[in-house]
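Quick notes on the structure that follows.
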Amino acid sequence: MLHQLVLPHRRTVAAAGGALALAALGLGAPAHAASYGTPTITLSAGYLSGAVGASADPVVTVTVGQSGADVSALGVAASASSKSSVAATGDVTVTGTGATRQLRVAAHARGYTDLTIKVTGLGGKTATKSLHYAASAAVQNAADTRYLTGSSDASAAVDVGGGYVVVADDETNTLRLYDSSVSGAPVRTWDVASKLGVSKEIDIEGAARVGNTIYWTGSLGNNKDGEYKSDRNTVFTTTVSGSGAATQLTVGGKYKKLRDDLVAWDKANGNRYGFAAGTADGEAPKQIDGFNIEGLEFAPGSTTTAYLGFRAPLVPPKGGGKALLVPVTNFDKVAGSGAKASIGTPVELDLGGLSIRDIRRNSADQYLIVAGSWAADDNSDPYALYSWDGIAGHAPQKRLDLPTTDPGGWEAVVDVPDLNTPGARAQLITDAGSADLYGDGTEAKDLDHDEWKKSRATWFTVNG
């Protein structure tokens with residue numbers, strides 16, 4: 001029986017020898033092992049801003065691939081940090097298993113760090129990208145705070161449904177659409193300069209919506225050096241189509257002489273408010289007797305009469321003075337078709353010596369007023385939120401004092417909830433253009449990268 005065992009043994013040895021020969025020729029290895037390419041990795045943003053203690057910081061989408069490999073086999077992680085005290089590699093979380101992954105960073109401290117994001121593919125091959133990360137300090141109400149990136153100088157906001165809001169910037173002529181429920185970049189932008197025929201900033205400060213028309217106003221005041229710039233003397237309209245993330249804006253009418261009409265009206269009425277003096281050459285707008293508009297909203301039940309809310313002057317122009325609202329009774333035609341303004345009877349409101357930074361109403365004619373200082377350097381000056389019924393002679397009621405220890409001045413209220421509902425909340429937005437967000441002495445408006453510029457949006461309970 002011995003001879004029956006020899007043949008299988010010889011066949012095994014021969015097969016093994018053949019396999020070795022094929023391997024030596026590179027013919028027996030799996031076909032894909034030699035065809036793995038170098039992995040690829042792209043980031044949806046190369047620059048990212050976060051905040052210490054934030055609950056909904058912006059997310060970066062990471063897209064990876066490798067020829068010859070299933071993308072689910074690729075690993076993505078942070079492999080290095082230039083300043084781990086700001087955010088270390090372990091503070092970077094990547095979720096997902098497909099070609100696109102979601103990357104989040106949890107900041108430890110204010111400052112900057114460069115994070116190296118590495119994809120590890122099959123065959124031991126890797127590729128990296130750098131993510132330039134900036135973290136601002138922790139703030140009060142962190143759980144209710146979101147950051148609107150791409151601009152730091154938010155100045156007016158209008159709700160367009162579905163949690164989305166159009167935000168104006170007083171340093172540019174760009175309107176930005178944000179999902180206000182999350183932190184991040186705008187989902188759509190509109191630069192209105194060319195349509196309005198302006199080349200410098202309008203200094204957009206106020207907005208109000210009636211139906212599908214949003215009315216916008218510049219500050220109408222001189223610039224900070226006391227110089228008249230005609231583009232700041234602009235009011236205009238945009239028409240809204242769609243809603244939420246599908247919102248589109250189309251520029252409509254404009255008017256560039258509302259300031260002139262207000263000055264002429266005040267002169268004809270004995271210069272009661274000093275508009276001519278406040279707009280004179282050399283006069284800075286943000287003085288207690290200056291001329292600067294920051295609020296715009298329509299009167300109760302009206303689609304034609306709009307209140308202009310003044311940051312300056314106070315009335316009288318001294319400590320404890322009242323805030324000024326001037327109604328334009330044909331504002332729809334002024335902004336919509338360039339009609340000369342018709343001025344109604346002014347309204348003076350006791351806001352505890354503060355002036356108007358924004359005013360917004362709801363469909364029930366309930367108003368919220370953001371009250372702040374007339375001064376230019378006021379990020380730490382008092383701010384308060386008042387409610388009002390829109391009727392001259394009726395006193396506004398303080399709802400709450402707004403926090404002032406964090407960067408930025410409260411500048412806009414998105415919309416007004418039913419103020420009779422317990423626990424009703426409103427979202428307010430800051431102008432943080434003058435703030436040193438990252439501790440390097442650079443004002444936010446002067447940062448090199450728009451992705452690092454941001455305004456803070458916070459929900460407050462207004463009927464608790």
Side-chain angles (χ1 to χ4, degrees), residues 170 202-203 205-206 215 217-235 255-299 302 304-331 333-335 338-359 369 371-376 378 388 390-396:
D170 61 19
I202 296 171
D203 192 23
E205 293 287 0
Y215 297 84
T217 182
S219 67
L220 310 191
N222 293 341
N223 69 10
K224 64 182 180 180
D225 298 320
E227 301 169 332
Y228 174 68
K229 300 294 182 182
S230 61
D231 289 345
R232 299 163 76 96
N233 187 6
T234 301
V235 295
Y255 184 58
K256 301 195 69 173
K257 291 190 175 181
L258 181 54
R259 161 175 156 148
D260 307 65
D261 295 344
L262 290 164
V263 171
W265 165 82
D266 192 42
K267 283 182 177 179
N269 287 274
N271 289 309
R272 178 178 177 182
Y273 298 114
F275 288 172
T279 56
D281 289 344
E283 291 298 316
K286 296 172 185 177
Q287 302 183 82
I288 199 168
D289 59 352
F291 182 95
N292 195 78
I293 291 170
E294 294 217 352
L296 176 66
E297 187 52 278
F298 282 78
S302 181
T304 60
T305 297
Y307 291 130
L308 299 175
F310 282 75
R311 177 171 176 166
L314 284 183
V315 183
K318 63 181 182 180
K322 293 184 177 180
L324 177 64
L325 289 171
V326 174
V328 177
T329 60
N330 62 338
F331 195 83
K333 294 183 174 60
V334 170
K340 181 178 179 180
S342 175
I343 313 298
T345 303
V347 179
E348 298 172 10
L349 298 177
D350 184 355
L351 301 179
L354 300 177
S355 58
I356 294 169
R357 304 301 291 271
D358 197 20
I359 179 170
I369 299 172
S373 171
W374 49 267
D378 65 342
W388 185 47
I391 299 175
H394 290 192

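Rounded to the nearest 0.5 angstrom, I359 CD1 and I369 CD1 are separated by 4.5 Å. Residue E294 holds its CD atom at 5.0 Å from CG of N292, rounded to the nearest 0.5 Å. Atom CG in D170 sits 8.5 Å away from atom CZ in R232 (nearest 0.5 Å). Atoms CG and NE2, on L349 and H394 in that order, are 12.0 Å from each other to the nearest 0.5 Å.
Heavy atoms only, all atoms of each residue included: G344 and W265 are closest at O-CZ2, 4.0 Å. Minimum heavy-atom separation, L351 to A371: CD1-CB, 4.0 Å. Nearest heavy atoms, L324 versus I356: O-CD1, 3.7 Å. A312 approaches W374 most closely through the heavy-atom pair CB-CB, 4.5 Å. Residue P285 comes nearest to G221 through the heavy atom pair CB-CA, 4.5 Å, listed as atom of the first residue, atom of the second, then distance. Nearest heavy atom pair, residue L325 against residue G309, reads CD2-CA, 3.6 Å.
With a 4.5 Å cut-off on side-chain heavy atoms, L262 and I293 count as touching. You'll find the side chain of I343 reaches within 4.5 Å of the side chain of V328, heavy atoms only. Annotation: side chain of F291 is not in contact with side chain of N222 (no heavy-atom distance under 4.5 Å).
Listed by chain and residue number, W388 satisfy the ring pair (Phe, Tyr, Trp, His ring centres under 6.0 Å) test with Y307 (two or more places apart in sequence, or in another chain).
Residues F310 and Y273 place their aromatic rings such that the two centres sit no closer than 6.0 Å.
Under the 4.0 Å criterion applied to side-chain N and carboxylate O atoms, D261 and K340 are not assigned as salt-bridge partners.
Proximity of a side-chain donor or acceptor of R311 to a complementary backbone N or O of A375 within less than 3.5 Å is detected. A donor-acceptor pair under 3.5 Å is absent between the side-chain atoms of S373 and the main chain of S355, judged by distance alone. Judged by distance alone, the side chain of N233 and the main-chain N or O of K256 form a donor-acceptor pair under 3.5 Å. Without hydrogens or angle criteria, N223 side chain to G226 main chain gives a donor-acceptor distance under 3.5 Å. A donor-acceptor pair under 3.5 Å is absent between the side-chain atoms of R259 and the main chain of T234, judged by distance alone. Remark: the backbone N or O of F275 is paired with a side-chain donor or acceptor of T279 at under 3.5 angstrom.
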Worked verdict on L296 versus L308 for side chain to side chain contact (heavy atoms under 4.5 Å, CB included): CA-CA 5 Å; L296 176 66; L308 299 175; 3.8 Å; yes
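Residue pairs meeting the side-chain hydrogen bond (donor to acceptor under 3.5 Å, both in side chains) criterion with at least one partner in residues 313-330, sequence neighbours excluded, are T329-S342. Within the structure, salt bridge (Lys or Arg N to Asp or Glu O under 4.0 Å) pairs that include any residue of residues 263-288 comprise R272-E348 (at least two apart or interchain).
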